[in-house]
Amino acid sequence: MSSKIRVRFAPSPTGYLHVGGARTALYDYLYAKRFGGEFILRVEDTDQERSTEESMKMQLQDLKWLGLNWDEGVIIKDSDADPAMLTDSEFSEIGEYGPYRQSQRLEIYKKYADQLLESGRAYYCFLTDEEIDAQREQARRENRPPQVNSPYKNMSIDEAKAKLAAGEKAVVRFKTEGLKKDYIIEDLIRGEVKFPSDMVGDFVLLRSNGMPVYNFCCAIDDALMKMTHVLRAEEHLSNTLRQMMIYEALGFDLPKFGHLSIILGPDKQKLSKRHGATSCNEYREKGYLPEAILNYIAMLGWSHPEGKEILSKQELIDNFSLERVNPASAVFDEVKLKWVNASHLRALDHKTLWSLTEPFLKQEGLELPEDPEWQDRSLEVFKTSMETLKDAVDLYKPISSAHFEISEEAKDALSWESTKAVIEAWKQGVSAQPNEFMSQEDFEALQNQVKDTAGVKGKHLFMPIRVAVIGKPHGAELKMLVPLMAKSELLARADRVLAKI
RNA sequence: GUUCCCAUCGUCUAGAGGCCUAGGACGUCGCCCUUUCACGGCGAAGACACGAGUUCAAAUCUCGUUGGGAACGCCA
């Protein structure tokens, strides 16, 4: 009997979702979907100091924006709500293995901690921070691994409980003494990895305030939630040893593990804020498409069997396999991300592309025609110059009626003797146009006409016209811009320039 | 320090002992298209970290060296 594949992504809600997390989530998702399994979202929020519901909401929204839809776990009830304005009731859950927020599973962890305490696999430890620090420092001096050696490991439960009752604080530690020599995992990505069991000391299960700690929750939840595969970042590789010890002590079945390499910055250090944009949300704001981000991060460590590089989410699902995941870490390259984004962008139909671009334009206060036919035509012109949605802002700005101004650089051209005649001839010609919008040919014909009427050529012809159109003597090609500008707009601009002379 | 992981062009990668004179992509450079640009097309430069082994044969297997990374928390 082969049970259904269950894979989870388990973020901790401390800040935004960053690209490394997004890639882990992606691989989790792709693996589940490729083999008809389930993708589960669990929230690891046992660190009360750092976890916030606002972060949790942002992460869920980012995941949703990326299109990494989960089958089970925490969900946001009203996805349009402002993350700053939240209440507990805004979250809900789907799935039968909940709760999916670790902060709401505290009794479960407590129960298993008690079980371990009863069976002698864990003990109360009354060591103070100072004592632990001293031990670690000494271990370091003696070139030993900095592990704690607790004098309380063999204290009876009754004795410990008495101390507790007297108000002393204690953590619950897992007892590593007496375990087998080596633990071996058959890592899905790295092959056999062997850990000596003395690699770790007695580690904390429950903090002195009763809150459980990551490794403990993770092992219990993965077991209870029936995960079949645990795909996560390489930094967890050595945690696997502790988790295996917990699985063993509790008699749980082990899932299969796979450890993904780490994403690096250009300096080969783990990608972090100091490398610039690292959160998905920042890329969203910079005008990147979710499918492009998925496509790019998928290729950081995985390759298509035929070497195809531009892939849709469905193509990613159809071709994903762990065998093609590279164990070596990869450097995040925003330049290539841009290229992937541009490729996806240009493949979009104009209606969709406009609807995605428009918010960026509006955000900058650009005033552009509402006519869909015009929008389509404008994208035909600008699309090949856009790598991100946001690039549209600079492209459209010169033709936005709200942004026309006569720049300082235009002064020189405006001072030429012939300029007034040129612009007047231009204005005349524009008002004589039969249609609201000129074609490229109309514009070229008109330009020649102005040349004849005003009797000038070269820069004395082109620059004044350009100033009359965009207020600057330099910039994008007029034959592309002018056909996108209404006659009335062109006339208004020419008048404003004329008034300056 | 200890343990673990990793190592092909600047970057992402292909490569499962002979198909490798090491392939593709981004970037770079050049040419073409285009009366500018962009898009597109064509082309060039550019890598198996090093050293030993195993083998008739090694980018590929083994060991070592070097380099990089991660973990060693009452963070996850």
Side-chain angles (χ1 to χ4, degrees), chain A residues 10-14 21 44-51 102 125 127-129 132-133 136 139-148 169-173 185 187 189-191 193-196 198-201 203-215 217-218 232-242 259 261-264 266-270 296-310 323-324 326-340 342-343 346 380-387 391 395 444 462 474-480:
Chain A
S12 52
T14 54
E44 310 218 320
D45 56 350
T46 54
D47 182 349
Q48 293 168 305
E49 267 87 77
R50 298 200 306 149
S51 300
Q102 291 186 328
C125 172
L127 245 23
T128 62
D129 286 349
I132 291 171
D133 286 346
R136 270 202 251 275
R140 194 151 291 232
R141 268 200 306 274
E142 292 168 14
N143 280 343
R144 285 185 291 115
Q147 298 171 352
V148 295
K169 291 280 183 204
V171 299
V172 174
R173 279 185 194 279
I185 64 167
D187 191 278
I189 291 163
R190 285 150 217 280
V193 180
K194 197 198 275 186
F195 301 106
D198 59 7
M199 184 173 156
V200 296
F203 53 92
V204 173
L205 260 20
L206 256 36
R207 300 173 168 97
S208 55
N209 65 6
M211 279 302 263
V213 126
Y214 166 75
N215 279 298
C217 303
C218 186
R232 59 184 12 166
E234 190 190 339
E235 60 211 71
H236 292 291
L237 187 50
S238 51
N239 284 325
T240 309
L241 172 59
R242 292 183 183 78
H259 290 91
S261 66
I262 304 210
I263 298 180
L264 272 22
D267 59 355
K268 312 262 182 175
Q269 303 283 308
K270 189 169 163 179
Y296 177 70
I297 60 181
M299 292 195 301
L300 277 181
W302 171 84
S303 58
H304 180 98
E306 278 112 52
K308 255 189 101 178
E309 304 235 38
I310 299 301
E323 290 74 51
R324 297 194 68 82
N326 193 155
S329 42
V331 173
F332 187 85
D333 178 14
E334 194 170 338
V335 176
K336 188 153 184 179
L337 202 211
K338 252 195 182 143
W339 170 77
V340 172
S343 304
R346 285 168 200 150
E380 194 56 47
V381 172
F382 292 135
K383 187 169 68 164
T384 54
S385 310
M386 285 168 65
E387 290 189 298
D391 287 342
L395 262 8
E444 276 162 357
F462 302 123
H474 304 287
E477 219 190 341
L478 287 181
K479 76 171 186 217
M480 304 311 275

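Proteins get letters first, then strands, A, B, ... in listed order; numbering begins at 1 in each. Both backbone and side-chain heavy atoms feed into the values below; hydrogens, waters and symmetry mates do not. Nothing here was measured: the structure is a model prediction, and the numbers come from that model.
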Could you tell me the Watson-Crick or G-U partner of [N], where both distances fall under 3.5 Å? Say none if there is no partner.
N: B/G46; result: none
N: B/C31; result: B/G41
N: B/G67; result: B/C6
N: B/G18; result: B/C56
N: B/C72; result: B/G1

Between [atom2] on [N] and [atom1] on [X], what's the gap in Å once rounded to a whole number?
X: A/Gln102; N: B/A76; atom1: CD; atom2: P; answer: 8 Å
X: A/Glu234; N: B/U3; atom1: CD; atom2: P; answer: 17 Å
X: A/Lys194; N: B/A71; atom1: NZ; atom2: P; answer: 24 Å
X: A/Leu237; N: B/C6; atom1: CG; atom2: P; answer: 9 Å
X: A/Lys270; N: B/G69; atom1: NZ; atom2: C1'; answer: 10 Å
X: A/His259; N: B/A71; atom1: NE2; atom2: P; answer: 12 Å
X: A/Gln147; N: B/G1; atom1: CD; atom2: P; answer: 17 Å

Considering only the [atom1] atoms, how many Å lie between [N] and [M], rounded to the nearest integer?
N: B/G18; M: B/G73; atom1: P; value: 46 Å
N: B/C42; M: B/G10; atom1: C1'; value: 23 Å
N: B/C20; M: B/A58; atom1: C1'; value: 12 Å
N: B/C31; M: B/A45; atom1: C1'; value: 15 Å

Hey, does [X] reach any base, or is it just sugar-phosphate, or nothing, if we go heavy atoms under 4.0 Å?
X: A/Thr46; answer: sugar-phosphate
X: A/Arg50; answer: base
X: A/Val200; answer: nothing
X: A/Asp129; answer: base
X: A/Lys338; answer: nothing
X: A/Ser12; answer: sugar-phosphate
X: A/Thr384; answer: base
X: A/Val171; answer: base

Partner residues of [X] under the side chain to side chain donor-acceptor pair (under 3.5 Å) criterion, sequence neighbours left out:
X: A/Lys270; value: A/Glu235
X: A/Arg232; value: A/Thr240, A/Gln243, A/His259
X: A/Asp129; value: none
X: A/Arg140; value: none

Check: A/Asn239 side chain, B/A71 base, donor-acceptor under 3.5 Å: no
[X]: partners by salt bridge (Lys or Arg N to Asp or Glu O under 4.0 Å), with sequence neighbours left out:
X: A/Glu309; value: A/Lys336
X: A/Glu334; value: A/Lys286
X: A/Glu380; value: none

Polar side-chain atom of [X] near backbone of [Y] as donor-acceptor pair, under 3.5 Å:
X: A/Asn215; Y: A/Leu205; value: no
X: A/Tyr296; Y: A/Asp333; value: yes
X: A/Gln147; Y: A/Phe203; value: no

Closest non-hydrogen atom pair between A/Tyr214 and A/Thr46, with its separation: N-OG1, 4.5 Å
Shortest non-hydrogen contact between A/Pro327 and A/Ser261, atoms and distance: O-CB, 3.4 Å
Listed partners of A/Ala170 passing side-chain contact (heavy atoms from CB on, under 4.5 Å), at least two apart: A/Tyr124, A/Phe126, A/Leu164
Residues that A/Ser303 engages under side-chain contact (heavy atoms from CB on, under 4.5 Å), provided they are two or more places apart: A/Arg324
Per-nucleotide protein contact string for nucleotides 29-35 of chain B, where B marks a base within reach and S marks sugar-phosphate only (heavy atoms under 4.0 Å, - for neither): -------
A/His236 vs A/Ile189, nearer the 5' end of RNA chain B by closest nucleotide: A/Ile189
OP1 or OP2 of B/G1 under 4.0 Å from side-chain N/O of A/Arg136: no
Phosphate OP1/OP2 of B/G1: any A/Arg141 side-chain N/O under 4.0 Å: no
Set out, line by line, the N/O atom pairs under 3.5 Å between protein and nucleotides 9-15 of chain B.
residue : atom : partner  : partner atom : Å
B/U11   : OP1  : A/Lys268 : NZ           : 2.9
B/C12   : OP1  : A/Val331 : N            : 2.8
B/C12   : O2'  : A/Met299 : O            : 2.8
B/U13   : OP1  : A/Gly301 : N            : 2.7
B/A14   : OP1  : A/Ser303 : OG           : 3.2
B/G15   : OP1  : A/Arg324 : NH1          : 3.4

Of the listed nucleotides B/C4, B/G1, B/A7, the one nearest the side chain of A/Pro327: B/A7
Between the protein and nucleotides 40-51 of chain B, which nitrogen or oxygen pairs are less than 3.5 angstrom apart?
none

